[in-house]
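Since the structure is predicted, the reported quantities are computational estimates derived from the model, not experimental observations. Numbered from 1 within each chain, the chains take letters A, B, ... in sequence-line order.
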Amino acid sequence: MGTHNQVGYRGSQKKLLNLKEQTYLIIANHKTMSRSSIKKSLIVILGPTASGKSELAVKLARKFNGEVVSADSRQVYKGMDIGTGKITKKEMQGIPHYLLNVASPKRRFTVVQYRKLALKAIDKIFKKNKIPILCGGSGFYIQAVVDGIFLPEVRPDWRLRKELEKKTAEELFAQLKKLDPQRAKTIEPKNKRRLIRALEIVKKIGRVPILEKKPLPYPVLMIGIKKEKKELSSLIRERLLKRLRKGMIAEVKKLRKSGLSWKRLEEFGLEYRWVARFLQKKLSYQEMLEKLQKETEHFAKRQLTWFKSDERIHWIKTYEEAKNLVKNFLLGRVGGEKPSVSCHISAK
RNA sequence: GCCGCGGUAGCUCAGUGGUAGAGCAUAUAGCUGAAAACUAUAGGGGCGUGAGUUCGAUUCUCACCCGCGGCA
């Protein structure tokens with residue numbers, strides 16, 4: 001858990017905020033919300049899968065002169081469209097979208113790359129005097145941008161990882177404990193993937209540095225789409241059937257043909273994992289449907305677990321609510337009871 | 001009707017003469033360069049029914065009930 005609080009951020013941010021608020025007040029007074037006077041700020045749309053994030057983002061972008069930056073760890077890949085529910089040209093309604101199709105599925109894309117590209121995109125949008133809308137369901141990616149997590153400059157070493165993969169979690173944990181007891185204290189002792197990464201860092205730079213965070217220097221409004229569990233489950237079902245009708249299985253076949261291994265498809269999870277298993281005749285069509293439904297519901301639950309602890313998020317049910325939030329946010333008086341910006345960890 | 005196999009957690013099944021386990025499901029949580037990935041925690045069972053053997057039976061014996069397969 002985040003025990004290492006950076007109280008320092010709070011203070012400096014507050015100062016920043018006050019300055020901003022004043023600016024906004026002036027704008028509000030003059031009732032001149034013209035493009036050129038909009039100050040830097042970021043809107044984040046998040047929520048569980050199938051909750052309707054993309055649509056909301058486009059609507060808000062049209063209303064408030066914004067552009068969308070995707071925060072989806074799978075939509076960054078080219079050729080993965082139907083299975084990831086990537087927005088279509090038509091659905092974009094002329095609103096530019098960034099961070100879609102920026103990577104080849106043959107290579108592994110990571111948060112660090114995402115963060116760099118996303119910040120670049122956001123900057124580009126600011127230069128056009130527009131409002132960036134970060135939209136997606138990958139909590140880690142959103143956090144990387146908004147809280148500015150700084151991960152150690154150690155690139156993945158796949159050869160080393162393959163070596164370490166052979167060991168058991170117990171062995172890896174023991175090794176880490178010896179080399180970096182500090183990190184060993186907080187790591188999940190049975191999570192091989194994390195243990196391997198930690199050792200990778202240790203072997204390169206001695207120890208895993210304490211996580212650094214540098215929140216964005218401008219206000220952020222986080223909006224979460226709230227859905228009842230039952231409704232979400234039926235949304236997932238409908239969407240799944242729609243994807244199949246649109247040719248999701250053919251898409252996976254095509255990816256396979258383009259040279260992706262079954263193992264790689266497995267890694268993508270959900271639609272790609274289960275369609276791949278179906279294509280390998282490891283289960284029936286019906287079983288695939290059932291599995292996919294369940295797994296997607298689980299995924300949605302995991303997403304909510306991730307977002308739940310973040311008190312900055314304003315949970316909404318309708319477009320109207322979102323619209324009002326954004327309006328007030330841009331006027332500098334967003335939800336008085338809730339700080340629009342606060343340090344993620346200190347909120348815990 | 002006869003023969004065989006089976007009846008254990010919501011489901012699929014392990015298992016033992018000293019009152020039970022796994023996977024999945026359900027609920028909950030974590031997350032330091034794979035995050036749709038990866039990892040963990042919890043609840044839940046008169047072991048088909050009745051009798052017998054035994055200090056003790058879910059485990060052995062018998063009868064019965066139910067399911068599946070074969071023979072008639």
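- Using a 4.0 Å cutoff on non-hydrogen atoms, no part of residues 235-266 of chain A comes near RNA chain B.
- With sequence neighbours excluded, the residues that form a side chain to side chain donor-acceptor pair (under 3.5 Å) with T110(A) are Q113(A).
- Atom-to-atom, CG of D72(A) to C1' of A34(B) comes out at 15 Å; the value is rounded to the nearest Å.
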Annotated structure of RNA chain B as dot-bracket, pair cut-off 3.5 Å, Watson-Crick or G-U only, | for inter-strand, is (((((((..((((.......)))).(((((.......))))).....(((((.......)))))))))))).
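- Distance, D310(A) CG to C31(B) P: 13 Å, rounded to whole Å.
- Listed by first and then second residue, the ring-ring contact (aromatic ring centres under 6.0 Å, His included) pairs involving residues 93-139 of chain A are Y114(A)-Y141(A), F126(A)-Y218(A) (not counting sequence neighbours).
- Less than 4.0 Å separates RNA chain B from at least one heavy atom of each of the following residues of residues 75-89 of chain A: G83(A), T84(A).
- Atom pair E170(A):CD and U39(B):P shows a separation of 13 Å (rounding to whole Å applied).
- Residues that satisfy the side chain to side chain donor-acceptor pair (under 3.5 Å) test with S261(A), not counting sequence neighbours, are absent from this structure.
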Kindly give the atom pairs (protein nitrogen or oxygen, nucleotide nitrogen or oxygen) under 3.5 Å for nucleotides 11-13 of chain B.
none

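- With a 4.5 Å cut-off between side-chain heavy atoms of Ile, Leu, Val, Met, Phe, Trp and Tyr, the cluster of L195(A) takes in V154(A), L160(A), L164(A), L172(A), F173(A), L176(A), L179(A), I187(A), I196(A), L199(A), I201(A), V202(A), I205(A), V208(A).
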Could you write out each protein N or O paired with an N or O of nucleotides 23-27 of chain B at a distance under 3.5 Å?
{"unit_1": "U26(B)", "atom_1": "OP1", "unit_2": "K294(A)", "atom_2": "NZ", "d": "3.1"}
{"unit_1": "U26(B)", "atom_1": "OP2", "unit_2": "H298(A)", "atom_2": "NE2", "d": "2.6"}
{"unit_1": "A27(B)", "atom_1": "OP1", "unit_2": "K229(A)", "atom_2": "NZ", "d": "2.1"}

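- For residues 94-117 of chain A, the salt bridge (charged side-chain N to carboxylate O under 4.0 Å, His left out) pairs, not counting sequence neighbours, are R108(A)-E267(A).
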Between the protein and nucleotides 40-42 of chain B, which nitrogen or oxygen pairs come in under 3.5 angstrom?
none

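- Put simply, CG on L270(A) is 10 Å from C1' on A37(B), counting in whole angstrom units.
- Taking atom CH2 of W306(A) as the reference point, atom P of G30(B) lies 10 Å away to the nearest angstrom.
- In this structure, E153(A) atom CD and G33(B) atom P are separated by 12 Å, rounded to whole Å.
- Under 4.0 angstrom from either OP1 or OP2 of C31(B) there lies no side-chain N or O belonging to R197(A).
- Atoms CD1 (I205(A)) and P (G33(B)) sit 11 Å apart, rounded to a whole Å.
- For E321(A), the side chain to side chain donor-acceptor pair (under 3.5 Å) partners two or more places apart in sequence, or in a different chain, are T318(A).
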